[in-house]
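Report on one structure; see the data block that follows.
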There are 2 protein chains.
Amino acid sequence: MARTGRGGRLAEALRSQAGRGDLHAPACPSRGVLDHVTSRWGVLVLVSLLEGTHRFSALRRKVAGVSEKMLSQTLQALEHDGFVRREVHPVIPPRVDYSLTSLGREVAGHVEALTDWIEDSLPRILAAREEPKSRPAPAGRARA
Amino acid sequence: MARTGRGGRLAEALRSQAGRGDLHAPACPSRGVLDHVTSRWGVLVLVSLLEGTHRFSALRRKVAGVSEKMLSQTLQALEHDGFVRREVHPVIPPRVDYSLTSLGREVAGHVEALTDWIEDSLPRILAAREEPKSRPAPAGRARA
DNA sequence: CGGTATCCTCGCCGATACTG
DNA sequence: CAGTATCGGCGAGGATACCG
């Protein structure tokens with residue numbers, strides 16, 4: 001890494017256009033990519049597509065709870081970042097298939113590792129929630 | 001009552017309290033954990049703490065752009081899930097240290113793998129954004 | 001079937017002020 | 001220094017209606 005000097009946040013962000021990203025720089029485009037990938041529905045879409053190609057409606061069923069609007073929006077963002085491939089079949093009724101690109105499979109792999117860990121570790125996490133913490137009494141009126 | 005039958009989303013969610021989580025079930029607590037971990041600031045806090053113990057203000061500096069309120073809120077959520085340990089030192093001026101628990105180090109490891117990949121792959125992602133997509137003309141007025 | 005456009009609500013989040 | 005309390009905007013996102 002060539003040094004760019006300290007305090008050059010903007011320069012850092014701009015340089016990252018051609019080189020590596022830096023999530024600690026608020027202006028770096030990698031922040032946007034991270035937001036897409038880790039978004040509420042982005043995570044679930046990526047993991048679902050890892051199992052194979054899906055139609056819009058199949059995806060909607062798989063990612064339970066998502067609205068059409070948000071699914072569409074999420075897919076557009078992921079397609080824009082080059083993670084998702086969208087194939088329109090000019091038939092009646094219309095059919096659109098969504099699948100991961102090779103770039104998408106890479107990122108989805110990391111996302112799945114995270115989600116798998118969470119699903120597996122849920123018992124330990126729920127157990128940890130039971131333990132007493134260092135924030136005992138919120139002081140004052142505890143409830144309205 | 002062993003079996004819950006099909007379509008038992010709620011039953012599924014409840015059962016997961018004792019067993020493995022299921023992110024595809026909207027009511028499963030794992031959804032909440034995922035939201036904490038993948039939240040805007042949660043990701044950056046976890047990765048930062050992976051480098052070692054930090055004081056509140058040090059963390060605030062490291063995670064550039066976060067407000068006191070959001071940092072505090074994020075830390076409380078992560079502490080509640082058992083990922084972050086909060087240690088108050090009864091001295092003047094007050095001093096509070098934040099560090100990862102072993103559970104936290106595990107999840108943070110996965111998060112860091114993801115963020116590292118994004119930072120490294122940013123050039124490829126930005127390049128992919130340049131390519132023509134299957135959504136050529138949005139039809140109608142393209143601009144306001 | 002697979003979207004997009006519009007409306008409207010809700011809660012995220014920043015700014016500010018105050019406390020231990 | 002390390003927070004909590006409160007207010008307010010603004011944008012994410014759900015509901016609905018409609019189009020190719």
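Heavy atoms only: backbone and side chains are in, while hydrogens, waters and symmetry mates are out. Chain letters run A, B, ... following the sequence lines, proteins first and then strands; every chain starts at 1.
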If only side-chain N and O atoms of B:Tyr98 are considered, is one of them under 4.0 Å from the OP1 or OP2 phosphate oxygen of D:dG3?
yes
Between A:Arg20 and B:Asp116, is there a side-chain heavy-atom distance shorter than 4.5 Å?
yes
Shortest side-chain distance from B:Met70, nucleotide among C:dG20, C:dG14, D:dG14
C:dG14
Roughly how many Å is it from CG in A:Leu75 to P in C:dC1, rounded to a whole number?
17 Å
Decide yes or no for A:Phe83 and A:Leu49: does some side-chain heavy atom of the first lie under 4.5 Å from some side-chain heavy atom of the second?
no
Assert: residue with more 5' nearest nucleotide on DNA chain D, out of A:Glu68 and A:Pro94, is A:Glu68
Looking at A:Ser72, does any N or O in its side chain come under 4.0 Å of the phosphate oxygens OP1/OP2 on C:dT4?
yes
Distance check, rounded to the nearest 0.5 Å: A:Thr53 atom OG1 versus A:Asp97 atom CG?
6.0 Å
Among the nucleotides C:dG14, D:dA2, C:dG3, which one has an atom lying closest to any side-chain atom of B:Val96?
D:dA2
Donor-acceptor pair, B:Ser72 side chain versus B:Lys69 backbone, under 3.5 Å?
no
Any side-chain N or O of A:Gln73 below 4.0 angstrom from OP1/OP2 of C:dT4?
no
Does some side-chain heavy atom of A:Leu46 sit less than 4.5 Å from a side-chain heavy atom of A:Leu50?
no
Residue-level proximity of residues 37-59 of chain A to DNA chain C when a heavy atom falls under 4.0 Å
A:Arg55, A:Phe56, A:Ser57
Is there a side-chain contact between A:Glu106 and B:Arg124, using heavy atoms and a 4.5 Å cut-off?
yes
So, is B:Arg60 near the phosphate of D:dG3, with a side-chain N or O under 4.0 Å from OP1 or OP2?
no
Looking only at side-chain atoms of A:Lys69, point me to the closest of D:dA15, D:dC1, D:dG3.
D:dA15
When you measure from the side-chain N and O atoms of A:Arg86 to the phosphate of C:dG3, is any distance below 4.0 Å, counting only OP1 and OP2?
yes
Rounded to the nearest angstrom, tell me the gap between atom CG in A:Leu71 and atom C1' in C:dT4.
14 Å
CG of A:Asp97 versus P of C:dC1: gap in Å, rounded?
14 Å
Carboxylate-amine/guanidinium proximity below 4.0 Å for A:Arg95 and A:Glu87
no
Strictly below 4.0 Å: does B:Gln76 bring a side-chain N or O up to OP1 or OP2 of D:dT4?
yes
In whole angstroms, how far is the C1' atom of C:dG20 from the CD1 atom of B:Ile92?
10 Å
